[in-house]
**Q** 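Dropping the structure in here first, questions after.
Both backbone and side-chain heavy atoms feed into the values below; hydrogens, waters and symmetry mates do not. Just so it is clear: chains get the letters A, B, ... in the order the sequence lines come, proteins before strands, and each one is counted from 1.
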There are 2 protein chains.
Amino acid sequence: MPKAKEEDFLPLRDSVYNKLRQAILTGEYPPGERLMEVHLGDKLGVSRTPIREAIRMLELEGLVTMIPRKGAMVSQITEKNMSDVLEVRRALDILCVQLACERITSDGMAELRRARDNFERAVATNDSRRIAQADVEFHNVIIRATGNDRLISLEDSLSLPMYRYRYEYIKDSSGHDNLVKEHRKIVNAIEKRNPEAAASEAGEHIDNQRRSIMRQIRLEREEETINALYGKRTIR
Amino acid sequence: MPKAKEEDFLPLRDSVYNKLRQAILTGEYPPGERLMEVHLGDKLGVSRTPIREAIRMLELEGLVTMIPRKGAMVSQITEKNMSDVLEVRRALDILCVQLACERITSDGMAELRRARDNFERAVATNDSRRIAQADVEFHNVIIRATGNDRLISLEDSLSLPMYRYRYEYIKDSSGHDNLVKEHRKIVNAIEKRNPEAAASEAGEHIDNQRRSIMRQIRLEREEETINALYGKRTIR
DNA sequence: TCCTATAACTTTGTATACATAAACGAACGG
DNA sequence: CCGTTCGTTTATGTATACAAAGTTATAGGA
């Protein structure tokens with residue numbers, strides 16, 4: 001048989017899931033937006049069945065909220081909610097670097113250095129989009145180095161709610177210098193296989209993220225309040 | 001209006017989800033068992049639609065594994081798999097007690113003491129089932145005391161794969177004395193709001209669990225191998 | 001006898017149809 | 001003018017129908 005058909009067949013539900021997820025994360029569907037099955041199916045050119053299954057998955061990830069007999073809506077991002085996620089992520093990020101210290105291979109280490117350098121080059125360009133991407137990749141290298149599949153998928157899940165704030169938090173970090181320094185410190189700690197140092201650096205790293213995300217949320221909420229006062233329609 | 005209709009309407013998918021989950025956790029559907037939609041629908045008296053949605057949920061929780069165009073099966077419990085889960089749980093359990101130290105209310109503290117005492121009474125009866133239940137409740141009190149909803153639901157998810165081994169690990173703990181002591185130490189640490197001590201005790205607590213679960217898995221695998229040698233049919 | 005090809009069957013993937021509850025609105029009455 | 005009630009509409013919950021892929025079994029030929 002010819003080796004053709006390299007691409008696996010992807011069920012529509014997964015395709016829909018990816019599309020919806022993307023749309024939610026980029027803000028195309030803002031928090032509070034109702035997700036109506038017929039409408040979505042119409043838009044994506046599929047029937048309700050795959051839509052429903054995709055929504056079930058998004059629901060378990062926390063990205064959408066179901067109200068029985070009422071339907072699905074994009075989950076609200078509350079300060080409490082985000083704070084809860086960050087609290088868990090802090091513990092897991094620390095676990096990640098600790099495990100990476102124990103388990104990273106020389107290949108992984110080389111990859112990590114490349115990711116660090118790539119991040120620094122991205123910072124030099126001052127292109128937020130590129131910086132954000134390099135940042136994510138840097139963290140992914142560490143996460144993968146743990147070799148813990150459950151941890152990998154959890155980190156993925158927990159990074160979703162923060163996705164919308166990445167640009168802000170990158171802009172926020174006083175000229176990116178902090179980010180570069182923090183990344184370097186983390187790499188050094190892992191290189192020396194020093195879990196304590198790595199944990200402490202990773203903790204600081206996410207604490208900084210936390211500060212800037214929380215500030216951002218408060219700003220948004222303030223804006224909303226002002227808009228409400230001026231009678232502008234707000235997202236419910 | 002009369003206060004009637006206290007019970008909320010529960011969609012079939014959730015009902016199915018609960019039933020399947022229970023069946024998997026109790027071992028009625030052992031790892032490797034295929035979950036066929038028509039068959040399940042027939043058995044539970046519902047159509048395929050709610051079954052499929054329930055399976056999607058179980059899939060994201062990791063309890064079932066999907067093979068495209070082939071169907072769903074109860075996830076295999078591998079040593080690696082369980083080890084990954086325990087590694088994450090260790091970090092989160094520690095986070096739980098640390099947060100509990102900061103945030104537990106006096107009501108919560110009272111509840112925790114009750115749970116501890118109830119556990120000790122259960123141990124006195126030597127009834128594994130009751131001990132397991134009291135143990136779960138004890139941990140739940142701590143988890144709820146964190147006030148972190150995301151953490152609560154994650155702990156729930158991560159405790160599922162271990163569910164089948166609870167009895168073993170309880171029997172294992174050299175006459176339950178260790179468990180009682182460990183619980184006491186954790187309560188004391190939280191009472192004194194000493195996060196370091198609490199973390200260290202919680203770490204030790206789950207390390208013990210890990211040892212006994214891992215031993216149990218190895219035993220099972222050994223048994224399987226022997227059965228295979230004797231030609232007995234094994235679960236695939 | 002063994003291999004291959006094909007046909008029947010099983011099971012998932014997807015679409016559609018039907019039932020029911022919630023939301024909206026208009027008409028009616030106070 | 002306000003509130004209530006009763007249809008109408010809309011969207012979800014559930015069931016079923018149809019399509020396609022995979023599996024198994026069987027028949028035929030080397």
Side-chain angles (χ1 to χ4, degrees), chain A residues 1-21 23-24 29-60 63-75 233 235-236, chain B residues 1-21 23-24 29 32-60 63-75 233 235-236:
Chain A
M1 86 194 88
K3 103 178 216 309
K5 193 180 182 178
E6 195 65 25
E7 274 310 309
D8 251 346
F9 175 74
L10 193 67
L12 282 185
R13 59 164 173 273
D14 293 316
S15 162
V16 170
Y17 168 76
N18 289 330
K19 284 204 182 77
L20 285 181
R21 193 168 130 137
I24 291 171
Y29 292 138
E33 178 100 345
R34 288 189 64 185
L35 299 175
M36 283 174 298
E37 299 165 2
V38 279
H39 176 246
L40 289 175
D42 208 48
K43 190 168 174 181
L44 300 177
V46 300
S47 80
R48 284 175 59 206
T49 310
I51 303 276
R52 284 178 69 83
E53 298 190 3
I55 287 178
R56 289 292 91 73
M57 298 194 275
L58 292 166
E59 184 191 359
L60 233 73
L63 247 52
V64 317
T65 306
M66 289 291 305
I67 302 169
R69 284 255 167 235
K70 180 114 190 297
M73 54 182 262
V74 179
S75 294
R233 186 169 153 266
I235 304 152
R236 313 188 333 121
Chain B
M1 86 193 85
K3 100 178 217 314
K5 194 180 183 177
E6 195 66 25
E7 275 309 310
D8 251 346
F9 175 75
L10 194 68
L12 281 185
R13 60 165 172 273
D14 293 316
S15 162
V16 170
Y17 168 77
N18 289 331
K19 283 204 183 80
L20 284 182
R21 191 168 131 138
I24 292 171
Y29 292 139
E33 179 100 344
R34 288 188 63 185
L35 300 175
M36 282 174 299
E37 298 166 3
V38 278
H39 177 247
L40 291 174
D42 209 48
K43 189 169 174 180
L44 300 177
V46 300
S47 80
R48 284 175 58 206
T49 310
I51 303 275
R52 285 178 68 83
E53 298 189 4
I55 287 179
R56 289 292 93 71
M57 298 195 274
L58 293 166
E59 184 191 358
L60 235 72
L63 246 52
V64 316
T65 305
M66 289 291 305
I67 302 170
R69 287 259 170 227
K70 180 114 189 297
M73 54 182 262
V74 179
S75 294
R233 188 169 150 264
I235 303 152
R236 316 187 332 122

**Q** Listed by chain and number, what are the side-chain hydrogen bond (donor to acceptor under 3.5 Å, both in side chains) partners of A:Thr49, not counting sequence neighbours?
**A**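 Expected list: none.
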**Q** How close or far is atom P of C:dT14 from atom CZ of A:Arg56, stated in whole angstroms?
**A**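 Checked: the CZ to P distance equals 16 Å.
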**Q** Please report, rounded to the nearest Å, how far the P atom of D:dA17 is from the CD atom of B:Glu37.
**A**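 Going from CD in B:Glu37 over to P in D:dA17 covers 16 Å.
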**Q** According to salt bridge (charged side-chain N to carboxylate O under 4.0 Å, His left out), who are the partners of B:Lys70, at least two apart in sequence or on a separate chain?
**A**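 In terms of salt bridge (charged side-chain N to carboxylate O under 4.0 Å, His left out), with neighbours along the sequence ignored, B:Lys70 is linked to no residue.
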**Q** On a heavy-atom basis, which atom in B:Ala54 and which in B:Val16 lie closest, and how many Å separate them?
**A**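 Heavy-atom minimum between the residues: CB-CG1, 3.6 Å.
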**Q** Across the strands shown, which category fits B:Arg13 at heavy-atom distances under 4.0 angstrom: base, sugar-phosphate, nothing?
**A**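 Contact class for B:Arg13: sugar-phosphate only.
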**Q** Round to a whole Å and report the spacing from CG of B:Leu40 to C1' of C:dT11.
**A**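 Between C1' of C:dT11 and CG of B:Leu40: 12 Å.
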**Q** Can you list the residues that meet the side-chain hydrogen bond (donor to acceptor under 3.5 Å, both in side chains) rule with A:Thr65, with sequence neighbours excluded?
**A**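 A:Thr65 satisfies side-chain hydrogen bond (donor to acceptor under 3.5 Å, both in side chains) with A:Ser75 once adjacent residues are dropped.
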**Q** Checking B:Asn18 side chain against B:Asp14 main chain: does a donor-acceptor pair fall under 3.5 Å?
**A**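 Present.
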**Q** Just how far, in rounded Å, is C1' of C:dA15 from CD of A:Glu53?
**A**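 The answer, rounded to whole Å, is 12 Å.
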**Q** To the nearest Å, give me how far apart CG (A:Leu10) and P (D:dA21) are.
**A**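 Value for this atom pair: 15 Å.
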**Q** Which is true for B:Ile55 with a 4.0 Å heavy-atom rule: it touches a base, it touches only sugar-phosphate, or it touches nothing?
**A**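 B:Ile55: no heavy atom of the nucleic acid under 4.0 Å.
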**Q** How many whole angstroms separate atom NE2 of A:His39 from atom P of D:dT10?
**A**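 Value for this atom pair: 14 Å.
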**Q** What is the separation between atom CE on B:Met73 and atom C1' on C:dT12, rounded to the nearest whole Å?
**A**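 It works out to 16 Å between those atoms.
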**Q** Starting from P on C:dC18, measure out to CG on B:Leu12 and report it in whole angstrom.
**A**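 That distance rounds to 20 Å.
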**Q** Taking the nucleotide of DNA chain C with the nearest heavy atom to each, does B:Ala72 or A:Pro68 sit closer to the 5' end?
**A**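 On the 5' side of the pair lies B:Ala72.
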**Q** Please tell me if A:Arg69 has a side-chain N or O lying less than 4.0 Å from either OP1 or OP2 of D:dA11.
**A**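 The answer is no; no side-chain N or O of A:Arg69 sits under 4.0 Å from OP1 or OP2.
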**Q** Checking B:Tyr17 now: which residues fulfil side-chain hydrogen bond (donor to acceptor under 3.5 Å, both in side chains) with it, not counting sequence neighbours?
**A**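 side-chain hydrogen bond (donor to acceptor under 3.5 Å, both in side chains) check on B:Tyr17 returns B:Arg21, B:Glu61.
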**Q** With a 4.0 Å heavy-atom cut-off, tell me which residues in residues 43-50 of chain B come close to DNA chain D, sorted by residue number.
**A**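 B:Val46, B:Ser47, B:Arg48, B:Thr49, B:Pro50, in order of number.
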**Q** Identify, between A:Pro11 and B:Met36, the residue whose nearest nucleotide on DNA chain C lies closer to the 5' end.
**A**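 Final value for this comparison: B:Met36.
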**Q** Could I get the full list of side-chain hydrogen bond (donor to acceptor under 3.5 Å, both in side chains) partners for A:Ser15, not counting sequence neighbours?
**A**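 Testing A:Ser15 for side-chain hydrogen bond (donor to acceptor under 3.5 Å, both in side chains), a comparison that skips the adjacent residues, returns A:Lys19.
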**Q** Tell me what B:Ile51 touches on the nucleic acid: a base, only sugar-phosphate, or nothing, going by heavy atoms under 4.0 Å.
**A**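 The residue B:Ile51 makes no contact with any strand.
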